[in-house]
Amino acid sequence: MDDEEARTRLLDTAEELFYRHGIQAVGMDRIRTASGVPLKRLYRVFPAKESLVTAYLERRDRRWLDSLRTAALAPAQPRARVLAVFDWLADWFTEPDFRGCAFLNAYGELGAAAPEIVRVHKAELHALLADLTTDPALADRLLILTEGATAVAALTPGREPAHRAREIAELLLGE
């Protein structure tokens, strides 16, 4: 196994375990055992747990935002693009392993010690929403709707929080 394969295995394992059980609840020994990566290679690829946590969140950020961006930009009309965000959220909220926002979960666990990618992710989400509308105040409101729906869905998974947020977005967008 080379370092790239080890990195992929470690990130796959970290993503599954950190997202399901929490960052603080999962130790490096558990990551090593579940990934099958030898301890020396694990620490060569990720010298500290903090570097693994950051890499996990960076990778999740790219995949999550790329998927949302693709869905949001698919419709031709600006209004439909905004509403596509909430349709995408509805699908995400029904995934079997859904446990809310990994970035807010990380911040909730780590507080001020959370990696900078947590703040970067939220800024990138806001930027995507701003790109979908020409009104900065509307982008702020859409971010609150998105985050609120995600928080509600973390406690009560299902499509309903996204559907309710979409209804509010439709009101904000007007005709």
Side-chain angles (χ1 to χ4, degrees), residues 8 11-26 31 34 53-111 114-175:
T8 299
L11 285 172
D12 290 346
T13 302
E15 182 160 10
E16 193 268 321
L17 294 177
F18 288 160
Y19 188 64
R20 180 184 299 172
H21 302 289
I23 293 167
Q24 292 180 333
V26 177
I31 298 284
V53 169
T54 298
Y56 143 66
L57 290 171
E58 287 172 345
R59 184 172 82 160
R60 189 170 184 97
D61 169 68
R62 285 187 302 274
R63 286 189 310 190
W64 194 92
L65 284 171
D66 286 350
S67 178
L68 177 57
R69 186 176 290 109
T70 299
L73 295 177
Q77 299 299 318
R79 177 185 171 84
R81 287 180 169 188
V82 170
L83 297 176
V85 168
F86 298 96
D87 296 338
W88 184 90
L89 289 174
D91 290 341
W92 178 44
F93 295 167
T94 61
E95 289 180 3
D97 65 343
F98 176 76
R99 290 193 25 84
C101 175
F103 303 90
L104 291 180
N105 294 347
Y107 188 81
E109 282 191 69
L110 305 174
E116 182 61 21
I117 185 62
V118 170
R119 287 172 188 79
V120 168
H121 173 77
K122 295 305 175 186
E124 290 175 348
L125 175 57
H126 185 267
L128 171 59
L129 295 169
D131 287 347
L132 299 177
T133 179
T134 57
D135 180 355
L138 179 57
D140 293 345
R141 291 178 182 111
L142 293 172
L143 179 65
I144 291 170
L145 278 177
T146 301
E147 295 295 341
T150 303
V152 170
L155 298 173
T156 55
R159 295 180 175 280
E160 195 61 28
H163 290 168
R164 293 285 181 229
R166 188 183 198 279
E167 290 170 2
I168 297 168
E170 288 174 328
L171 292 173
L172 291 172
L173 292 168
E175 293 296 325

Query raised in the report: Which atom names give the shortest non-hydrogen contact between Ala84 and Ala71, and what distance separates them?
Result: CB-O, 3.6 Å

Query - Heavy atoms from other residues, nucleotides or ligands near CZ of Arg141 exceed 12 (cutoff 6.0 Å) - result: no

Query raised in the report: So, Thr146 side chain and Leu142 main chain: donor-acceptor pair closer than 3.5 Å or not?
Result: yes

Query raised in the report: Can Arg159 be said to sit on top of Phe93's aromatic six-ring, NZ or CZ under 6.0 Å from centre and within 45° of the ring axis?
Result: no

Report task. Kindly give the heavy-atom pair with the smallest separation between Ala165 and Leu145, and that separation in Å. Result -> O-CD1, 3.7 Å

Report task. Apply side-chain contact (heavy atoms from CB on, under 4.5 Å) to the pair Arg60 and Tyr19, showing each step before the final yes or no. Result -> CA-CA 10 Å; Arg60 189 170 184 97; Tyr19 188 64; 3.3 Å; yes

Report summary line: For Phe103, the ring pair (Phe, Tyr, Trp, His ring centres under 6.0 Å) test, sequence neighbours excluded, returns His121

Requested in this report: Can you measure from CD (Glu160) to CZ (Arg164) and round to the nearest 0.5 angstrom?
Outcome: 4.0 Å

Query raised in the report: Ion pair present between Asp12 and Arg59, side-chain N to carboxylate O less than 4.0 angstrom?
Result: yes

Query - Audit row: Ile31, Phe18, side-chain contact (heavy atoms from CB on, under 4.5 Å) steps and yes/no - result: CA-CA 9 Å; Ile31 298 284; Phe18 288 160; 4.1 Å; yes

Query raised in the report: For Ala130, does its backbone N or O pair with a side-chain atom of Thr133 as donor and acceptor, under 3.5 Å?
Result: no

Query raised in the report: With a 4.5 Å heavy-atom cut-off, do Pro115 and Val53 have their side chains touching?
Result: yes

Report task. For the pair Glu109 (side chain) and Gln24 (backbone), establish whether a donor and an acceptor sit closer than 3.5 Å, ignoring hydrogens and angles. Result -> yes

Query raised in the report: Where do Ala76 and Arg81 come nearest, in terms of heavy atoms and distance?
Result: O-NE, 4.2 Å

Report summary line: By side-chain hydrogen bond (donor to acceptor under 3.5 Å, both in side chains), Asn105 pairs with (sequence neighbours left out) none

Query - Atom of Trp64, atom of Leu89 and distance for their closest heavy-atom approach - result: CZ2-CD2, 4.5 Å

Query raised in the report: What is the distance from atom CG of Asp91 to atom CZ of Phe98, rounded to the nearest 0.5 Å?
Result: 12.0 Å

Report task. Quick one: pull up CG in Leu128 and CG in Leu65 and give me the separation to the nearest 0.5 Å. Result -> 7.0 Å

Report summary line: For Pro161 and Thr156, the nearest pair of non-hydrogen atoms, with its separation, is CG-O, 4.1 Å

Query - More than 12 heavy atoms of other groups within 6.0 Å of Glu116 CD - result: yes

Report summary line: Value for CD (Glu170) from CG (Leu83), rounded to nearest 0.5 Å, stands at 5.0 Å

Report task. Given side-chain contact (heavy atoms from CB on, under 4.5 Å), test Leu68 with Leu125 step by step and report yes or no. Result -> CA-CA 9 Å; Leu68 177 57; Leu125 175 57; 3.7 Å; yes

**Report entry** Salt-bridge present (Asp87, Arg166; N to O < 4.0 Å)
**Finding:** yes

Query raised in the report: Can you tell if the side chain of Val26 reaches within under 4.5 Å of the side chain of Arg20, non-hydrogen atoms only?
Result: no

Query raised in the report: Do NZ/NE/NH1/NH2 and the carboxylate oxygens of Asp66 and Arg69 come within less than 4.0 Å?
Result: yes

Report summary line: CG (Asp97) and CD (Glu15) are apart, to the nearest 0.5 Å, by 8.5 Å

Query - Nearest heavy atoms of Thr54 and Ile117, plus distance in Å - result: O-CG2, 4.4 Å

Query raised in the report: Does the side-chain contact (heavy atoms from CB on, under 4.5 Å) test come out yes or no for Glu147 and Leu104, once each step is laid out?
Result: CA-CA 9 Å; Glu147 295 295 341; Leu104 291 180; 3.3 Å; yes

Query raised in the report: About how many Å separate CG of Leu138 and CG of Leu173, when rounded to the nearest 0.5 Å?
Result: 5.5 Å

